[in-house]
Amino acid sequence: MEVVHSIEEIRREVRNLRNRSATIGFVPTMGNLHAGHLSLVKDAAASCGAVVVSIYVNPMQFGPTEDFSTYPRTLEQDLELLREAGTITVFQPDDEAMYPHGTTGQTFVEVPLMGEMLCGAARPGHFRGVSTVVARLLNIVQPDLAVFGKKDYQQLAIIRRMVADLAIPVEIVGGETIRAEDGLALSSRNRYLTAEQRRQAPCLYASLLEAAEQVRAGRQAFAQIEQAALQELRGCGFQPDYVSIRRQQDLQPAGAGDRVLVVLAAARLGQARLIDNVEIVL
Ligand code: PAF
């Protein structure tokens, strides 16, 4: 496995892989890898001859009071996991390579509307940081396909839109959410939970499943379903930001005629802000 740090090196590496006629699959990450990430690597490997994984904790997507400085950085362990998963190349740039003009002098990419709602409302500037770094990574690596987890549903929808709007020649694939046995979606931020909060945490997925069940059963009183899920989350000790039933494609609020939906939630539990979602096709 090659681990490279500069744009020149990763471009050379990708060129070599292409000369061996491999299609390139790409999985961007912020490191601290777990089974969820490895599943994305597996998805990329299933359709591509070579897989590139990037590890970069992107300062631009963290708000001033967020956990950028404490975000878990576990490079050695990550590289070991990637080696076992059969990754061919790891791109691990530093801030100088990613933001030569600094994060405030950098040209940015912003997807309107979709980037401002839901998590975008609670985390101003977050999705601008995500779209900008992903656009730059896609331009650097130039993969055929890139895989993003469905757990970050809004992020995936925004990236799909950005790629379409900017005609970036890459196929975007959504990877399934990987869960612990009790239903909690795997996330690097789960490590912020105390043992007691960890026991409460599966309530998030349970509330979403319950809401999705109601929608599948034909109930169209979406606001009431959302309110009931919010109540349930508060009862489990969460401070919810939102529970919302949306259209999958553009994340606009669902109307009575919509059939391809997703119920999304974000909620705080102690130091952790957890997100999750359940897709619904009627
Ligand atoms: O989902 C993530 O880990 C990050 O938001 C991403 C896509 C790697 C961009 O920094």
Side-chain angles (χ1 to χ4, degrees), residues 7 10 25-41 43-44 51-63 66-75 77-79 81-82 85 87 89-95 97-99 103 106 108-111 114-115 118-120 122-141 143 145-163 166 168 170-178 185-192 251 264 266 272-277:
I7 294 177
I10 187 66
F26 179 45
V27 182
T29 80
M30 298 206 298
N32 194 235
L33 304 183
H34 49 64
H37 297 105
L38 299 181
S39 161
L40 305 180
V41 173
D43 289 346
V51 179
V52 176
V53 174
S54 66
I55 298 179
Y56 178 63
V57 185
N58 171 33
M60 207 200 260
Q61 70 189 72
F62 289 80
E66 293 184 351
D67 56 345
F68 174 68
S69 59
T70 55
Y71 195 85
R73 289 157 170 89
T74 52
L75 185 63
Q77 186 188 308
D78 293 346
L79 294 180
L81 287 171
L82 290 174
T87 301
T89 307
V90 176
F91 177 46
Q92 196 234 334
D94 61 11
D95 291 338
M98 286 308 287
Y99 296 118
T103 50
Q106 163 76 29
F108 60 82
V109 179
E110 197 158 67
V111 176
M114 246 199 262
L118 303 169
C119 284
R123 305 182 66 189
H126 169 65
F127 288 115
R128 173 203 281 196
V130 170
S131 322
T132 301
V133 82
V134 171
R136 190 159 163 83
L137 286 166
L138 291 174
N139 279 332
I140 291 169
V141 177
L145 170 152
V147 191
F148 295 83
K150 283 193 194 175
K151 189 188 76 78
D152 296 300
Y153 207 86
Q154 186 174 4
Q155 168 172 286
L156 173 61
I158 285 171
I159 289 166
R160 282 192 197 284
R161 173 63 68 82
M162 174 187 78
V163 160
L166 300 182
I168 301 178
V170 62
E171 180 188 346
I172 301 296
V173 171
E176 293 304 325
T177 301
I178 304 298
L186 298 192
S187 162
S188 300
R189 290 190 166 105
N190 292 350
R191 65 163 57 196
Y192 299 150
L251 298 184
L264 308 115
R273 182 176 184 278
L274 304 183
I275 58 173
D276 204 348
N277 62 83

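Note that the structure is predicted; figures quoted are calculated from it, not measured. In listed order, ligands and their atoms are each counted from 1.
What sits closest to atom 3 (O) of ligand 1 on the protein, heavy atoms only, is M30 CG, 3.6 Å. With respect to atom 1 (O) of ligand 1, the closest heavy atom belonging to the protein is Q155 NE2, 2.8 Å.
Only the backbone of T29 comes within contact range of ligand 1, with a heavy atom under 4.0 Å; no side-chain atom does.
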side-chain contact (heavy atoms from CB on, under 4.5 Å) assessment of L79 paired with Q92: CA-CA 10 Å; L79 294 180; Q92 196 234 334; over 6 Å; no
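Side-chain atoms of F62 and M30, non-hydrogen and from C-beta on, do get closer than 4.5 Å to each other.
Residue-ligand proximity, Q61 to ligand 1, at heavy-atom distances under 4.0 Å covers atoms 4 (C), 5 (O), 9 (C), 10 (O). Ligand 1 places these atoms under 4.0 Å from at least one heavy atom of V133: 9 (C), 10 (O).
The distance from atom CG of D152 to atom CD1 of I275, rounded to the nearest 0.5 Å, is 4.0 Å.
If you check the side chains of Y99 and N58, you find a donor sitting under 3.5 Å from an acceptor. No hydrogens or angles considered: nothing links the side chains of D276 and Y153 as a donor-acceptor pair under 3.5 Å.
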